[in-house]
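Structure first, then comments.
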Amino acid sequence: MMPPRIIPPHLRCKPVSVLFVCLGNICRSPAADGIMHSLVEEHAVADCWTIDSAGIGGWHVGDLPDKRMRVHARRRGYELTHRARQVREADFDRFDLIIGMDAQNIDDLRHIAPTPEAMAKIYPISRWMGRVASPYDYVPDPYYDGAEGFENVLTLLEDALSALLSDWSTL
Ligand code: 4NP
């Protein structure tokens with residue numbers, strides 16, 4: 001018998017849930033969140049992915065991403081509409097992967113993780129970086145930088161998140 005032409009999503013995709021984390025949840029992690037949403041839509045696999053972002057700190061809870069981040073992202077076709085929130089212990093139950101943008105984020109996440117199983121879900125974004133030439137093995141905080149800092153964040157994230165999507169079967 002011929003296979004059905006339209007494969008139901010639950011048969012063709014392995015569900016995965018990803019939480020991106022940075023310090024304030026107004027620059028890097030909402031950009032990662034927006035880029036990843038855009039990538040999975042482009043590849044018609046959005047039904048299989050749960051994507052969110054959060055911050056280590058709570059200073060900006062409820063805020064839209066930083067205006068500069070939104071402007072630079074919009075120029076590349078990403079509309080960033082996430083509202084900032086703080087990471088909570090329950091996130092370690094809800095998500096398969098918790099991805100920090102730099103070494104300090106990873107250290108802070110390890111302190112928040114309630115169990116060894118939760119700790120095992122923490123990954124540095126650097127795991128998926130390095131496919132474009134760059135001096136960075138983390139995504140640097142652009143908050144006190146000029147325009148080039150925000151562009152750098154987007155370039156590094158576009159590269160890393162395409163690699164994350166390619167690695168889907170191994171997640
Ligand atoms: P993010 O950048 O961690 O990429 O969102 C920051 C935004 C705000 C602050 C620090 C980093 N802050 O201290 O308010």
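Note: hydrogens, waters and symmetry copies are ignored here, and every other heavy atom, side chains too, is used. As the structure lists them, so they are numbered: ligands from 1, and atoms in each ligand from 1.
From the protein, the heavy atom lying nearest to atom 10 (C) of ligand 1 is Leu23 CD2, 3.7 Å. For atom 1 (P) of ligand 1, the nearest protein heavy atom (residue, atom name, distance) is Cys22 SG, 3.5 Å.
Using a 4.0 angstrom heavy-atom cutoff, His60 counts as in contact with ligand 1.
Between Asp91 and Arg94 there is a salt bridge, since at least one side-chain N of the basic residue sits less than 4.0 Å from a carboxylate O of the acidic one. We find that Arg28 and Asp102 are joined by a salt bridge, their nearest charged nitrogen and carboxylate oxygen being less than 4.0 Å apart.
Under 4.0 Å from ligand 1, the heavy atoms of Asn25 that appear belong solely to its backbone.
Atom CG in Leu157 sits 5.5 Å away from atom CE in Met101 (nearest 0.5 Å).
Against a heavy-atom cut-off of under 4.0 Å, Cys27 is close to the following atoms of ligand 1: 1 (P), 2 (O), 4 (O), 5 (O).
The heavy atom nearest to atom 4 (O) of ligand 1, considering only Met69, Arg28, Gln104, Met101, is found in Arg28.
At least one N/O-N/O distance between Gly24 and ligand 1 falls below 3.5 Å. For Asp141, a nitrogen or oxygen atom sits less than 3.5 Å from a nitrogen or oxygen atom of ligand 1, counting backbone and side chain alike. For ligand 1, none of its N or O atoms has an N or O atom of Tyr143 under 3.5 Å away. Between Tyr144 and ligand 1, a contact under 3.5 Å exists for no N or O pair. Of the N or O atoms in Pro142, none lie within a sub-3.5 Å distance of an N or O in ligand 1.
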**Study point:** Audit row: Ile112, Phe92, side chain to side chain contact (heavy atoms under 4.5 Å, CB included) steps and yes/no
**Key:** CA-CA 9 Å; Ile112 300 166; Phe92 288 90; 3.9 Å; yes

Practice item. Evaluate the side chain to side chain contact (heavy atoms under 4.5 Å, CB included) criterion for residues Tyr78 and Asp33: first the C-alpha distance (whole Å), next the side-chain angles of each, then the deciding distance (0.1 Å), finally the verdict. Key: CA-CA 10 Å; Tyr78 311 112; Asp33 185 338; over 6 Å; no

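In this structure, cysteines Cys48 and Cys13 have SG atoms closer than 2.5 angstrom.
In summary, the side chains of Glu148 and Asn152 do not present any donor paired with an acceptor at a separation below 3.5 Å, with no hydrogens or angles considered.
In summary, of the residues considered (Arg85, His60, His82), a side-chain hydrogen bond (donor to acceptor under 3.5 Å, both in side chains) with Asn25 occurs for His82 alone.
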